[in-house]
Protein chains: 2
Amino acid sequence: MIEVFKTYLKEKGSFSDVELKQIESVTTIKKLRKRQYLLQEGDVWKYNAFITKGCVRTYTVDEKGNEHILNFAVENWWTGDRESLFSGKPSVYNIDALEDSQVALITKENFNLLCKEIPAFNNMVTLILEKSFIVSQSRIQSFISSSAEEKYLKFLETFPHLPMRVPQGMIASYLGITAETLSRIRKNALKK
Amino acid sequence: MIEVFKTYLKEKGSFSDVELKQIESVTTIKKLRKRQYLLQEGDVWKYNAFITKGCVRTYTVDEKGNEHILNFAVENWWTGDRESLFSGKPSVYNIDALEDSQVALITKENFNLLCKEIPAFNNMVTLILEKSFIVSQSRIQSFISSSAEEKYLKFLETFPHLPMRVPQGMIASYLGITAETLSRIRKNALKK
DNA sequence: AGTTTCTCTTGATAAATATCAATGGAATTT
DNA sequence: AAATTCCATTGATATTTATCAAGAGAAACT
């Protein structure tokens with residue numbers, strides 16, 4: 001199995017060698033070149049995806065052609081579309097690679113099996129979901145209560161490493177502001 | 001046990017009578033008068049709370065004294081602060097009743113026990129979490145891509161019954177806009 | 001190496017939304 | 001029933017953010 005994924009699993013739960021083997025046996029690796037889609041709008045998403053290398057984004061494109069980035073994911077994060085996975089309906093999101101990347105994929109069916117057969121896996125998964133929810137609540141909190149500048153500063157605190165890897169305009173999109181506004185915010189805020 | 005809660009459980013999972021009794025045995029009922037706190041900023045939240053009657057809101061108060069409503073919960077919804085529950089740290093949120101209400105409370109410890117001992121309960125809980133996450137993702141999506149008017153219209157679709165129970169100004173707060181702006185949006189949008 | 005494409009910045013202007021202030025009606029309290 | 005508080009609306013104005021357009025440097029491509 002990809003070393004990054006194994007290390008992650010060992011850190012997040014105490015799995016026996018047999019269990020690790022079982023997880024490995026249902027994991028497939030997919031390489032993505034920069035700009036390649038992992039999921040395209042209209043397709044049904046059927047996996048759980050763990051990034052072992054690189055960086056991807058989840059986004060929508062509106063009628064005017066503007067992209068809206070829902071989230072980023074880098075090494076050791078999970079990505080995918082839970083909504084489409086859960087409902088079986090076509091996704092409204094696109095996921096593509098911002099760098100050459102590598103992801104570990106487990107189909108929904110195999111993933112559910114792992115959850116059923118390996119309690120530690122189930123616990124790990126619930127914990128991840130719990131944390132993802134908490135993070136998204138806190139993001140909503142900042143949308144309802146913060147100015148563009150505050151959102152940006154909070155973003156820097158939460159994800160200090162992302163600005164080095166992701167174009168600034170995409171960070172603006174993630175924050176729900178325009179690239180120009182973010183540029184001006186940086187000019188003002190960072191000189192303080 | 002409170003009938004509303006029992007009905008909910010029966011609908012969400014197939015529980016045996018013994019299991020229902022077990023759930024009942026760890027459930028306590030709390031009545032809230034309008035405006036009464038269920039959780040106050042600075043306190044640690046230790047429960048899972050199911051609303052059997054009434055309506056509550058979760059909100060923060062900023063330095064200027066403005067309230068920012070993170071969410072509402074009515075009958076058959078869960079409420080609480082997952083972040084404080086998870087971390088054991090004081091909550092940054094307030095939860096209070098918008099009407100005279102009644103909630104069913106289960107402590108974290110008892111809740112975890114139910115999850116461990118009753119698989120159907122565990123499944124139900126994971127499902128709720130999964131759905132909550134999906135809902136919050138979709139709310140983030142509308143924050144990054146929609147105008148105030150679009151957010152309001154989407155809100156009406158998602159929660160058609162809330163405007164009848166919740167003052168308009170609070171809905172504005174939930175949407176991250178001011179009460180005045182919402183009033184103007186309604187004037188324009190609803191005459192179309 | 002030269003060309004193209006991306007990315008960020010900046011300026012001018014427009015649009016969206018917030019703020020402040022006042023009013024009147026509805027609901028709640030006494 | 002009167003008094004008080006709450007709530008939604010409206011107007012005038014300020015602030016924030018978006019849009020459009022141009023340019024310059026960096027990165028990617030051939």
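All chains are named by letter (A, B, ...) in the order of the sequence lines, taking the proteins before the strands, and each is independently numbered beginning at 1.
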Phe50(B) side chain reached by Ile2(B) side chain, heavy atoms, under 4.5 Å:
no
Taking side chain as C-beta onward, heavy atoms only, is Val18(B) less than 4.5 Å from Leu20(B)?
no
Under a single-linkage rule joining Ile, Leu, Val, Met, Phe, Trp and Tyr whose side-chain heavy atoms are separated by less than 4.5 Å, which residues share a cluster with Leu127(A)?
Ile134(A), Phe86(B)
Check which hydrophobic residues are tied to Trp45(B) through side-chain heavy-atom contacts below 4.5 Å, counting indirect links as well, and list them.
Leu32(B), Leu38(B), Leu39(B), Tyr47(B), Ile51(B), Val56(B), Leu85(B), Ile95(B), Val103(B), Leu105(B)
Using salt bridge (charged side-chain N to carboxylate O under 4.0 Å, His left out) as the criterion, list what pairs up with Glu41(B), not counting sequence neighbours.
none
Among residues at least two apart in sequence or on other chains, which ones pass salt bridge (charged side-chain N to carboxylate O under 4.0 Å, His left out) with Arg165(A)?
Glu75(A), Glu99(A)
Using atom [atom1] of [X] as one end and atom [atom2] of [N] as the other, report the distance to the nearest whole Å.
X	N	atom1	atom2	answer
Leu175(B)	dA16(C)	CG	C1'	15 Å
Phe143(B)	dT17(C)	CZ	P	12 Å
Leu98(B)	dA27(C)	CG	C1'	16 Å
Ile185(B)	dA15(C)	CD1	P	17 Å
Arg33(A)	dC29(D)	CZ	P	11 Å
Asn188(A)	dT16(D)	CG	P	10 Å
Asp62(A)	dT19(D)	CG	C1'	14 Å
Glu149(A)	dT16(D)	CD	P	10 Å

If a pair satisfies salt bridge (charged side-chain N to carboxylate O under 4.0 Å, His left out) and one of its residues is in residues 151-160 of chain B, list it, with sequence neighbours excluded.
none
Using the ring pair (Phe, Tyr, Trp, His ring centres under 6.0 Å) criterion, which residues pair with Tyr152(B)? Sequence neighbours excluded.
none
Examine the side chains of Glu83(B) and Ser138(A) and answer whether a donor and an acceptor come within less than 3.5 Å of each other.
no
Contacts under 3.5 angstrom, residues 174-185 of chain A side chains, donor-acceptor by atom type, not counting sequence neighbours:
{"unit_1": "Thr178(A)", "atom_1": "OG1", "unit_2": "Thr181(A)", "atom_2": "N", "d": "3.2"}
{"unit_1": "Thr178(A)", "atom_1": "OG1", "unit_2": "Thr181(A)", "atom_2": "OG1", "d": "3.0"}

Which of residues 150-158 of chain B have a heavy atom under 4.0 Å from DNA chain D?
none
Taking five pairs at each end, how big is the angle between the two axes of the helix from dA1(C)-dT30(D) to dT30(C)-dA1(D), to 10°?
60°
Pairs where residues 61-73 of chain B contributes a residue and the test side chain to side chain donor-acceptor pair (under 3.5 Å) is met, not counting sequence neighbours
Arg57(B)-Glu67(B), Thr58(B)-Asn71(B), Asp62(B)-His68(B)
Does the plane of the ring in Phe143(B) sit parallel, tilted or perpendicular to the ring in Phe143(A)? Use 30° and 60° as the thresholds.
parallel
Under the 3.5 angstrom rule, does the side chain of Thr27(A) hit a backbone N or O of Ile106(A) as a donor-acceptor pair?
no
Every protein N/O lying under 3.5 Å from an N/O of nucleotides 5-12 of chain C:
{"unit_1": "dC8(C)", "atom_1": "OP1", "unit_2": "Gln168(A)", "atom_2": "N", "d": "2.6"}
{"unit_1": "dC8(C)", "atom_1": "OP2", "unit_2": "Gln168(A)", "atom_2": "N", "d": "3.1"}
{"unit_1": "dC8(C)", "atom_1": "OP2", "unit_2": "Gly169(A)", "atom_2": "N", "d": "2.9"}
{"unit_1": "dT9(C)", "atom_1": "OP2", "unit_2": "Gln168(A)", "atom_2": "NE2", "d": "2.5"}
{"unit_1": "dT9(C)", "atom_1": "OP2", "unit_2": "Ser183(A)", "atom_2": "OG", "d": "2.9"}
{"unit_1": "dT9(C)", "atom_1": "O5'", "unit_2": "Ser183(A)", "atom_2": "OG", "d": "3.2"}
{"unit_1": "dG11(C)", "atom_1": "N7", "unit_2": "Arg184(A)", "atom_2": "NH2", "d": "2.5"}
{"unit_1": "dG11(C)", "atom_1": "O6", "unit_2": "Arg184(A)", "atom_2": "NH2", "d": "2.9"}
{"unit_1": "dA12(C)", "atom_1": "N6", "unit_2": "Arg184(A)", "atom_2": "NH2", "d": "3.4"}

Could you list all N or O pairs between the protein and nucleotides 23-25 of chain C that sit under 3.5 Å apart?
none

